[in-house]
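For reference, the structure discussed in these notes is given below.
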Amino acid sequence: VDLSTKVAGLSLPNLLFNASGVCCQTEADLKLMIESESGSLITKSATYEYREGNPSPRYLPLPSGLGSINSMGLPNEGYEYYLNFAKNYDYSSKKPLFISLSGLSLADNVKMCEAFVAADLPCVLEVNFSCPNVPGKPQLGYDMEAMENALNVLAPLIKKPFGVKLPPYFDIAHFDTAAAIFNKFDNLVYVTCINSVGNGLAIDFETESALIKPKDGFGGLGGLMVLNTALANVNAFYRRLPGKQVIGVGGVTSGKEVFLHVLAGASAVQIGTTLKEEGPTVFARINKELTDIMIAKGYKSLDEFRGKVKTL
Ligand SMILES: C=Cc1c(C(=O)O)[nH]c(=O)[nH]c1=O
């Protein structure tokens, strides 16, 4: 079977890669991704300056086994680190490189995009509108006017095909409004759904305490528990963004959830919590599981079932 796919005009040997933020903050992390069986890789969202991030504990898998909670606080090496990585990347390799940018202001996003555009590299830029864990910074993805204003500035600046990372939406009207904005920008060629489900709270029964330190224990939820919200966001935007693509992320623990993401419309699928907990060998495991599922169901390529979820 053929697990290859295309995103933003680039060919991925298989549809799997890391969720931004996991296994991608340092060159050592990114090297593990390059050496893994992933089809691509994306860097940790970059801010203009280096950031330490929030105090630990700031990430934990949930005792239920159903997911994770994080309030990392956008720790990253600063955008120039990732620009340098992108300048030195081996673009003759089979794996395309995606760069995530999450400026703390539109001005910072402009400065970072200008630097990447000036470098004129084959990597794909993705603007993160959905970091839920920077105290005092509301998610742009939940402010439709601000999101449109940002895109009015950034899309013409980036010129080349680019993507945006979105928070989960929970209201059909929000899918409609957001999609109407994205459809105004021809070079906005894909959306990545979903970022973590913002501001959950994990409490330990024995200690009666929040599990993580930042923000009184409030943090983004990931893992199996967000699968159905992720599938809904993937399918909602797949239906509403003709000619654009959706990268699915949320709830992937096996080939089965990857299959569901593709049925919902995903062109590629990212792994976060399960990659964090299992390590980069997860890509070989899940590619094999998806292959076995496709053989069992008689599918030879992803195109044969992408977006083909049936309704009753
Ligand atoms: C970029 C910051 C993000 C973070 C973070 O660094 O806290 N966590 C997430 O779950 N999603 C994000 O987008």
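Numbering of ligands and ligand atoms starts at 1, following listing order.
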Starting from atom 11 (N) of ligand 1, which protein heavy atom do you reach first, and at what distance in Å? Asn195 OD1, 2.8 Å
Tell me the protein heavy atom at minimum distance from atom 2 (C) of ligand 1, and give that distance in Å. Cys131 SG, 2.7 Å
Are any of the N/O atoms in [X] less than 3.5 Å from those in ligand 1?
| X | value |
| --- | --- |
| Ser71 | no |
| Gly220 | no |
| Gly73 | yes |

Do [X] and [Y] have side chains that get closer than 4.5 Å, going by heavy atoms?
| X | Y | value |
| --- | --- | --- |
| Leu231 | His261 | yes |
| Cys193 | Ile247 | no |
| Thr177 | Tyr169 | no |
| Phe98 | Thr43 | no |

Donor-acceptor pair, side chain of Asn195 and main chain of Ser130, under 3.5 angstrom: yes
Step by step, would you call Phe305 with Phe259 a ring pair (Phe, Tyr, Trp, His ring centres under 6.0 Å)? CA-CA 9 Å; Phe305 63 100; Phe259 181 80; 4.6 Å; yes
Please work out whether any backbone atom (N, CA, C, O) or any side-chain heavy atom from C-beta onward of [X] is under 4.0 Å from ligand 1, and answer side chain, backbone, both or neither.
| X | value |
| --- | --- |
| Asn128 | side chain |
| Ser45 | side chain |
| Lys44 | side chain |
| Asn70 | side chain |
| Leu74 | both |
| Ser20 | neither |

Take every heavy atom of Pro75, measure it against each atom of ligand 1, and state whether any distance is under 4.0 Å. yes
contact_flag Pro132 ligand 1 heavy-atom lt 4.0 Å: yes
For Tyr89 and Tyr91, take the angle between the two ring planes, folded into 0 to 90°, and tell me which bin it lands in: parallel under 30, tilted 30 to 60, perpendicular over 60. perpendicular
Please determine, by modelled atom types, if Ser102 and Ser45 share a side-chain donor-acceptor pair under 3.5 angstrom. no
Mark up the atoms of ligand 1 that fall under 4.0 Å of a heavy atom belonging to Met72, in ascending order. 5 (C), 6 (O), 7 (O)
Do you reckon Tyr190 sits in the same ILVMFWY cluster as Ile158, going by side-chain contacts under 4.5 Å, direct or chained? no
